[in-house]
*Asks:* 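First, the structure itself, so that you have it in front of you.
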2 protein chains.
Amino acid sequence: MSKILVVEDEPMVAEVVERYLRRDGHDVTIVFDGQSAVEQFARERADLVILDLMLPRLDGSAVCRKIRATSDVPIIMLTARGDERDRLQGLELGADDYVTKPFSPREVAARVRAVLRRTTPVEGRERMLEFDRIQIDGARRSVTIEGRPVALTVREFDILYHLASNPSHVFSRDHIVASLWGDDFVGDASTVTVHVRRLREKIEADPARPRHVRTVWGVGYCFEP
Amino acid sequence: MSKILVVEDEPMVAEVVERYLRRDGHDVTIVFDGQSAVEQFARERADLVILDLMLPRLDGSAVCRKIRATSDVPIIMLTARGDERDRLQGLELGADDYVTKPFSPREVAARVRAVLRRTTPVEGRERMLEFDRIQIDGARRSVTIEGRPVALTVREFDILYHLASNPSHVFSRDHIVASLWGDDFVGDASTVTVHVRRLREKIEADPARPRHVRTVWGVGYCFEP
DNA sequence: CGCTTTCTTACGGAAGGCTTACGAGATTGG
DNA sequence: CCAATCTCGTAAGCCTTCCGTAAGAAAGCG
């Protein structure tokens with residue numbers, strides 16, 4: 001369903017949380033310290049971040065600030081029990097919710113559901129992605145290339161948006177299918193190929209030699225500004 | 001948009017809530033105890049009150065009673081977590097909604113939007129939207145196209161106003177239904193289609209090729225000036 | 001040069017949107 | 001207080017658009 005980044009230095013805790021989130025159909029990535037969290041988030045945007053406040057290398061509040069600098073992604077904080085200061089700090093930093101330790105994994109899963117329900121229907125794909133030649137407006141679902149508007153279908157737009165939200169990052173066909181169609185999609189991943197073809201037809205000057213939506217042979221596709 | 005009185009003795013919490021409400025365009029006043037709340041409300045009526053139950057000098061329930069004695073202003077209660085008695089007491093006292101601590105500021109902002117939508121069906125949306133060809137008067141609920149007045153029904157106007165208040169932004173049918181009919185509307189979202197049809201019949205030069213109320217295939221509708 | 005991966009094309013089906021018509025409820029005017 | 005009118009929501013049929021699949025061609029890799 002959604003991509004979730006879990007930042008938690010205690011492996012046991014992380015593992016339990018992961019299991020519960022996967023059971024809800026989410027795509028979970030785990031990192032064990034703050035520095036890795038920031039790097040991972042830069043590499044691949046998550047739909048939601050679960051963030052322990054006490055972390056090695058770079059603590060939770062710093063991570064939160066760094067993430068908030070570039071994204072409105074929902075953040076759920078894990079804080080020590082009843083530490084009022086932690087709580088206030090978390091809220092101030094822009095966390096969307098927080099859970100006090102010790103917590104039950106079920107509670108975390110429930111909060112995740114609640115936060116996602118609150119944040120995904122309205123927000124979500126509404127960021128504006130701007131590059132030299134291409135502008136992609138998530139709210140309008142419109143794309144312009146060198147000022148000229150281009151009409152894309154739903155799938156085409158979703159694929160482009162997904163690729164462009166992480167420029168130069170390579171996404172496999174399977175990953176794209178899972179992200180846009182959902183894990184329960186029965187069909188073939190080759191359908192992505194066709195959509196990419198049609199997408200190139202619309203946005204590339206020379207579709208046979210694509211400049212923006214590149215093929216990485218044996219791996220997948222990536223967007224280059 | 002609306003004037004909101006926040007009654008919360010914890011300055012940090014109050015500040016965070018304030019920031020989120022201001023972001024939604026509201027005019028926020030903060031007081032830190034119950035006595036001041038009553039005085040402030042008497043001095044200047046608010047459109048909505050956010051009221052902590054635990055307060056110095058005069059507790060939340062007393063404040064609620066005093067306010068209710070003179071006004072039907074919507075009140076959102078902040079109560080301790082899971083304290084069922086607080087909740088019941090709050091509802092009994094005439095609160096319109098309540099949020100349990102610890103809460104996320106986004107949730108509070110969402111509740112505020114929901115309550116305002118519920119309680120101020122006509123007010124609040126009194127902005128004048130002016131474009132080259134179309135003028136939409138939220139206060140008078142009138143529309144003119146190239147100087148000519150056009151008579152719209154309630155639904156038609158609401159849809160047009162909602163779309164036009166965010167030009168070029170795409171709204172899904174479900175979103176429109178939720179915003180105008182309320183979250184608890186049971187009916188079909190396709191009813192929006194019909195209203196849009198009738199709306200176009202009135203405001204578009206060529207309803208078959210709409211210029212202002214555009215269809216974004218697979219997504220929803222958007223207004224273009 | 002053979003094998004795998006990707007490209008390209010065409011087509012049938014499915015989904016989404018449009019249009020129309022109708023009955024129930026609300027509103028207005030006599 | 002009743003009748004005429006208006007508005008709203010639903011349903012059904014039609015039409016357009018888009019999507020997924022399959023199959024052969026081309027391209028990249030070892």
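Model, not experiment: these values are computed from the prediction. Below, chains carry the letters A, B, ... as their sequence lines are ordered, and counting in each starts from 1.
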*Asks:* Using only side-chain N and O atoms of B:Arg173, determine if any of them is under 4.0 Å from OP1 or OP2 of C:dC18.
*Replies:* yes
*Asks:* Output the rounded distance in Å from CZ (A:Arg198) to C1' (D:dT17).
*Replies:* 11 Å
*Asks:* Could you state the CD1-P distance from A:Ile176 to C:dT6, rounded to the nearest angstrom?
*Replies:* 11 Å
*Asks:* Would you mind reading off the distance between B:Trp217 atom CH2 and D:dT17 atom P, rounded to a whole angstrom?
*Replies:* 9 Å
*Asks:* Mind checking whether B:Gln40 and B:Leu5 have side chains closer than 4.5 Å, heavy atoms only?
*Replies:* yes
*Asks:* Can we call the ring centroids of B:His169 and B:His162 under 6.0 Å apart?
*Replies:* no
*Asks:* Hey, does the side chain of A:Thr215 come within less than 4.0 Å of C:dC7's phosphate (OP1/OP2), counting only N and O?
*Replies:* yes
*Asks:* Report the residue (B:Thr153 or A:Thr153) whose heavy-atom-nearest nucleotide on DNA chain D is the more 5′ of the two.
*Replies:* B:Thr153
*Asks:* Check the distance between C:dG16's P and B:Asp188's CG and give it to me in whole angstrom.
*Replies:* 12 Å
*Asks:* Considering heavy-atom distances to DNA chain C, does B:Thr193 or A:Val216 have its closest nucleotide positioned more toward the 5' end?
*Replies:* A:Val216
*Asks:* Taking the side chain as every heavy atom from C-beta outward, state whether B:His212 and B:Phe223 have any atom pair closer than 4.5 Å.
*Replies:* yes
*Asks:* Does A:Val154 reach a base, just sugar-phosphate, or nothing at all? Heavy atoms under 4.0 Å.
*Replies:* sugar-phosphate
*Asks:* Round to the nearest Å and state the distance from B:His195 atom NE2 to C:dT19 atom P.
*Replies:* 16 Å
*Asks:* Side chains of A:Thr144 and A:Val150: closer than 4.5 Å at any heavy-atom pair?
*Replies:* no
*Asks:* Please determine if a side-chain N or O atom of B:Trp181 lies less than 4.0 Å away from the OP1 or OP2 oxygen of D:dG9.
*Replies:* yes
*Asks:* Rounded to whole Å, please give me the gap between CZ in B:Arg141 and P in D:dT7.
*Replies:* 13 Å
*Asks:* May I ask you to evaluate whether B:Arg197 reaches the phosphate of C:dT20, defined as a side-chain N or O under 4.0 Å from OP1 or OP2?
*Replies:* yes
*Asks:* Quickly work out the B:Leu152 CG to D:dC6 C1' distance and round it to whole Å.
*Replies:* 14 Å
*Asks:* Would you say B:Val112 and B:Leu21 make side-chain contact, with heavy atoms under 4.5 Å?
*Replies:* yes
*Asks:* For a quick test of reading the model: is some side-chain N or O of A:Tyr221 closer than 4.0 Å to OP1 or OP2 of C:dC7?
*Replies:* yes
*Asks:* Which part of the nucleic acid, if any, lies within contact of B:Thr191, taking any heavy atom under 4.0 Å across all strands shown: a base, the sugar-phosphate backbone alone, or nothing?
*Replies:* base
*Asks:* What is the distance from NZ of B:Lys202 to P of D:dC6, rounded to the nearest Å?
*Replies:* 11 Å
